[in-house]
Enquirer: 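Okay, handing you the structure first.
Side chains are part of it too, since the values below use all heavy atoms of this structure and drop only hydrogens, waters and symmetry mates.
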Amino acid sequence: MTTALAIDGMSCDHCVRAVRQALEGLPGVTRVEVEVGAARIEGDAVLPALVAALEAEGYAARLA
């Protein structure tokens, strides 16, 4: 399953790294592609877990 997220609050490469690390550490995530303002996550992680991980890093996320 692939989940596409729009992410608010990202502005630089540091943000991209922070988001990638937050998502890669979640159970069920097999692959992550991140760019400023967006992420594509492959695997079976559930949406609430993805959003919560990003909120913990200071970003707001929603389905794209």
Enquirer: Measure the CG-CD distance between Asp13 and Glu35 for me, rounded to the nearest 0.5 Å.
Expert: 11.5 Å
Enquirer: So, do Val34 and Met10 sit near enough that their side-chain heavy atoms are less than 4.5 Å apart?
Expert: yes
Enquirer: Determine all donor-acceptor pairs shorter than 3.5 Å in which one atom belongs to a side chain in residues 41-64; sequence neighbours excluded.
Expert:
residue : atom : partner : partner atom : Å
Arg62   : NH1  : Asp8    : OD1          : 3.3
Arg62   : NH1  : Asp8    : OD2          : 3.0

Enquirer: Where is the tightest heavy-atom contact between Ile7 and Ala38, given as atom of each residue plus distance?
Expert: CD1-C, 4.0 Å
Enquirer: Would the number of heavy atoms belonging to other residues, nucleotides or ligands and lying under 6.0 Å from CZ of Arg20 be above 12?
Expert: yes
Enquirer: Output the distance between atom CE (Met1) and atom OG1 (Thr30), rounded to the nearest 0.5 Å.
Expert: 9.5 Å
Enquirer: So how far is it from Thr3 OG1 to Arg40 CZ, rounded to the nearest 0.5 Å?
Expert: 9.5 Å
